[in-house]
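Written out below as structure tokens is the structure these notes cover.
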Amino acid sequence: MNSQPQKKRLTTSAMIASIAAEGQPTISAPFGHALVSLAQQRTDVVGMTADLSKYTDLHLFADAFPERFYQMGMAEQLLMSAAAGMAREGFTPFVTTYAVFASRRAYDFICMAIAEENLNVKIACALPGLTTGYGPSHQATEDVAIFRGMPNLTIIDPCDALEISQVVPAMAEHQGPVYLRLLRGKVPLVLDKYDYRYQHGKAQRLRGGKHAVIISSGLMTMRALEAAEALEKQGIEVGVVHSPVIKPLDEATILREAGEAADANRLVITAENHSVVGGLGEAIAGLLMRNSVTPRYRQIALPDAFLAAGALPTLHDRYGISTEAMIRQITAWLEA
């Protein structure tokens with residue numbers, strides 16, 4: 001008789017499951033609630049979407065301010081052009097869709113209508129990276145690579161519900177276009193344990209470690225913290241630096257952290273929910289090379305490939321961005 005414990009059987013719903021671990025605290029729709037709070041204070045804020053209000057948490061705004069909500073239908077290019085027009089008239093539009101549609105389908109319209117004119121349009125896009133199991137049609141694994149080359153565009157990849165609630169008003173205060181990699185639905189609550197406060201354009205050290213330091217963004221900061229806590233029980237000390245703003249990078253903080261690591265012969269690891277090509281890891285690698293800072297350096301990222309469809313927990317482990325996969329990889333690098 002097989003006495004090994006059976007793995008929990010995953011259902012189809014796991015393709016769109018929350019990224020929170022079992023028992024982890026979450027907050028529902030932090031973006032939607034934060035936008036409603038912001039709009040109560042600022043009459044210039046409007047909400048716009050391409051038939052995805054329910055799936056980007058913008059429905060909360062639509063319910064609270066129906067006269068300031070614009071449903072543009074399945075027309076992402078029109079959505080971006082209309083948002084540009086609203087910004088020209090003095091409004092601050094918060095635009096939502098899926099990250100694949102903004103980056104692949106509406107790129108030229110964002111570039112020409114919004115970024116070139118440095119207009120005050122805030123683009124919040126759900127399903128960044130590998131946060132859905134519905135395959136390449138929905139997985140925006142290359143959105144940062146696509147947008148990093150666009151002048152004037154700020155790119156933000158928040159870690160958790162707390163940070164999203166703080167990022168929304170910061171986006172509104174920032175003059176110019178912003179692209180937000182949006183975590184939607186029941187979003188994990190992580191950074192409250194670290195007395196964290198979002199500072200626009202700043203990376204922050206969340207914990208120190210004498211063996212390695214992980215510089216991460218988005219949900220991978222959550223995974224980095226989980227991995228660091230697990231590795232500490234094995235006597236391995238791993239620091240974590242959260243870099244929510246991918247463009248422009250907080251160069252001073254990253255150079256200081258990587259420089260200290262190089263001097264101490266600590267491993268520097270970047271971790272991102274994005275392709276290994278063109279994202280946070282390559283941005284940091286380029287920064288370090290240009291400044292002659294050369295620590296031992298490794299990347300944790302998604303492969304340069306179209307990814308499979310399936311249950312998110314299975315896919316995260318297969319493609320190396322689960323906590324367990326990170327622990328295995330970091331341990332192997334340190335032992336090499």
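All heavy atoms count here, side chains included; hydrogens, waters and symmetry mates do not. Because the structure is a prediction, the values reported are computed rather than measured.
- Looking only at distances, a side-chain donor or acceptor of Asp160 sits under 3.5 Å from a matching main-chain atom of Leu191.
- Counted within 6.0 Å of CG on Asp263, heavy atoms from surrounding residues, nucleotides or ligands total more than 12; the atom is thus considered enclosed.
- Ring geometry, Phe94 versus Phe31: the interplanar angle falls from 30° to 60°, so the pair is classed tilted.
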Q | Asn273 vs Leu130, side chain to side chain contact (heavy atoms under 4.5 Å, CB included): CA-CA, chis, key distance, verdict | A | CA-CA 6 Å; Asn273 172 35; Leu130 186 53; 3.7 Å; yes
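- Taking a cutoff of 4.0 Å between a charged side-chain nitrogen and a carboxylate oxygen, Arg148 and Glu282 do not qualify as a salt bridge.
- With salt bridges taken as basic N to acidic carboxylate O contacts below 4.0 Å, one links Arg42 and Glu173.
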Q.
Does Thr253 form a side chain to side chain contact (heavy atoms under 4.5 Å, CB included) with Gln204? I'd like the steps, not just the answer.
A. CA-CA 8 Å; Thr253 298; Gln204 298 182 50; over 6 Å; no
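- Taking the ring-ring contact (aromatic ring centres under 6.0 Å, His included) definition, one finds that His242 meets it with Tyr196, sequence neighbours left out.
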**Q.** Pair Tyr98-Arg105, side-chain hydrogen bond (donor to acceptor under 3.5 Å, both in side chains): steps then yes or no
**A.** CA-CA 10 Å; Tyr98 285 163; Arg105 186 175 299 170; over 6 Å; no
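- Closest approach of Ser243 to Ser217, counting heavy atoms only: O-CB, 3.3 Å.
- For the ring pair (Phe, Tyr, Trp, His ring centres under 6.0 Å) condition, the pairs that include at least one residue of residues 64-93, sequence neighbours left out, are Phe61-Phe65.
- Expressed to the nearest 0.5 Å, how far CZ of Arg207 lies from CD1 of Ile214 amounts to 9.0 Å.
- Minimum interatomic distance between Ser216 and Ala224 (heavy atoms only, all atoms of both residues): OG-CB, 4.1 Å.
- Every pair tested for ring pair (Phe, Tyr, Trp, His ring centres under 6.0 Å) that includes a residue from residues 265-292 fails, sequence neighbours excluded, so the list is empty.
- Dense packing is recorded around CD of Gln234, with more than 12 heavy atoms of other residues, nucleotides or ligands lying under 6.0 Å away.
- Atom CZ of Arg197 sits in a sparse spot, with 12 or fewer heavy atoms from other residues, nucleotides or ligands closer than 6.0 Å.
- The two residues Thr154 and Pro248 come nearest to each other via the heavy atoms OG1-CD, 4.1 Å.
- At a cut-off of 3.5 Å, with distance as the only test, a side-chain donor of Thr49 or Thr96 sits close to an acceptor on the other residue.
- Annotation: side chain of Glu116 is not in contact with side chain of Asn152 (no heavy-atom distance under 4.5 Å).
- Between Glu260 and Arg205, at least one side-chain N (NZ, or NE/NH1/NH2) sits under 4.0 Å from a carboxylate O, which counts as a salt bridge.
- Within a 6.0 Å radius of OH in Tyr55, other residues, nucleotides and ligands contribute 12 heavy atoms or fewer.
- When the shell of 6.0 Å around NZ of Lys247 is examined, it contains more than 12 heavy atoms from other residues, nucleotides or ligands.
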